[in-house]
Amino acid sequence: NAYNGTIIWKRPLPAGFMIHRNTMIATDDGLLMGDHESCKIFDGRTGEIRDQLTIPKELTDGPVWKWMALRDGVLYALVGNPEVSIETVRSNRPGLGHWPWGMWDGHDYNDPRTAFGYGRTLVAIDLQTKEILWSYRDEEFLDARAVCMNSRQIFCFSAEKFLACIDAETGKLQWRN
């Protein structure tokens, strides 16, 4: 509860999926959360899944949601290939856990086909109708850590290759540098 901190509901997270990414969006009545299968739309009061959004196989390398933003009823997302599955390392300290100091699978970012947060397909979805308004697919892998959006454009980045700008209304490439 945003007013008093009471836990209203909780659910287990998908095992093996690196959840630390920009794929959770709170709305007035719910939560959108992208994972390795779909974008789930949770009821804010009960935690029950109200709906799920998936991207057709012909548009993307896989079902994994890498990045999301919401503006004026349109959900924007970077989606793509399956990633290396991780093993949850439990903290041996009481209280809150922490990031481990060592490197673990997926965080070496050597191979964008399996590392966390890389995808080649951007989409725009009307949340009311669930219709895909547009999709943009690049030949190179885009790094979700470097995707951002203003009111009219989505900016994306492919390491050592380019910075690009996609028109948020049409999904067309505006420029590549």
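Heads up: numbering here begins at 1 and tracks the sequence.
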Query raised in the report: Under the salt bridge (charged side-chain N to carboxylate O under 4.0 Å, His left out) test, which residues partner R71, sequence neighbours left out?
Result: none

I'd like to know if the side chain of [X] and the backbone of [Y] have a donor-acceptor N/O pair within less than 3.5 Å.
{"X": "K40", "Y": "M33", "value": "no"}
{"X": "R21", "Y": "W67", "value": "no"}
{"X": "T6", "Y": "I8", "value": "no"}

Report task. Apply side-chain contact (heavy atoms from CB on, under 4.5 Å) to the pair N22 and R145, showing each step before the final yes or no. Result -> CA-CA 8 Å; N22 294 327; R145 298 171 297 173; over 6 Å; no

Cluster question for you: counting only ILVMFWY and a side-chain heavy-atom cut-off of under 4.5 Å, with indirect links fine, are [X] and [Y] together?
{"X": "F162", "Y": "L173", "result": "yes"}
{"X": "W134", "Y": "F155", "result": "no"}
{"X": "Y136", "Y": "Y76", "result": "yes"}
{"X": "L133", "Y": "V147", "result": "yes"}
{"X": "I166", "Y": "W175", "result": "no"}

Around atom [atom1] of [X], are there more than 12 heavy atoms from other residues, nucleotides or ligands closer than 6.0 Å?
{"X": "M24", "atom1": "CE", "answer": "no"}
{"X": "E169", "atom1": "CD", "answer": "no"}
{"X": "D72", "atom1": "CG", "answer": "no"}
{"X": "R45", "atom1": "CZ", "answer": "no"}
{"X": "E160", "atom1": "CD", "answer": "no"}
{"X": "K172", "atom1": "NZ", "answer": "no"}
{"X": "N4", "atom1": "CG", "answer": "yes"}

For a quick test of reading the model, state the closest non-hydrogen atom pair linking [X] to [Y] and the distance between them.
{"X": "S158", "Y": "E140", "result": "OG-CB, 3.5 Å"}
{"X": "G62", "Y": "P82", "result": "CA-CD, 4.3 Å"}
{"X": "D126", "Y": "T129", "result": "OD1-N, 3.1 Å"}
{"X": "Q52", "Y": "S38", "result": "OE1-OG, 2.6 Å"}
{"X": "L122", "Y": "C156", "result": "CD1-SG, 4.3 Å"}

Requested in this report: Kindly determine whether L78 and L142 satisfy side-chain contact (heavy atoms from CB on, under 4.5 Å), including the steps that lead there.
Outcome: CA-CA 8 Å; L78 174 65; L142 307 174; 4.1 Å; yes

Report task. Check step by step if side-chain contact (heavy atoms from CB on, under 4.5 Å) holds for D43 and W9. Result -> CA-CA 10 Å; D43 184 279; W9 55 265; over 6 Å; no

What I'd like to find out is whether the side chain of [X] reaches to under 4.5 Å of the side chain of [Y], using heavy atoms alone.
{"X": "C165", "Y": "Q153", "answer": "yes"}
{"X": "P14", "Y": "H36", "answer": "yes"}
{"X": "F42", "Y": "R11", "answer": "yes"}
{"X": "R176", "Y": "L163", "answer": "no"}

**Report entry** Candidate pair D167 and R152, rule salt bridge (charged side-chain N to carboxylate O under 4.0 Å, His left out), full reasoning
**Finding:** CA-CA 6 Å; D167 184 285; R152 301 177 319 275; over 6 Å; no

Taking only Lys NZ, Arg NE, NH1 and NH2, and the carboxylate oxygens of Asp or Glu, determine whether [X] and [Y] approach each other closer than 4.0 Å.
{"X": "R137", "Y": "D61", "result": "yes"}
{"X": "R113", "Y": "E83", "result": "no"}
{"X": "R120", "Y": "D138", "result": "no"}
{"X": "R50", "Y": "D29", "result": "yes"}

Report summary line: Under a side-chain separation threshold of 4.5 Å, the hydrophobic residues clustered together with I25 are L32, I41, L53, I55, L59, W65, M68, L70, L75, V79, V123, I125, L127, I132

Query raised in the report: Atom NZ in K66, atom OG1 in T60: separation rounded to 0.5 Å?
Result: 8.0 Å

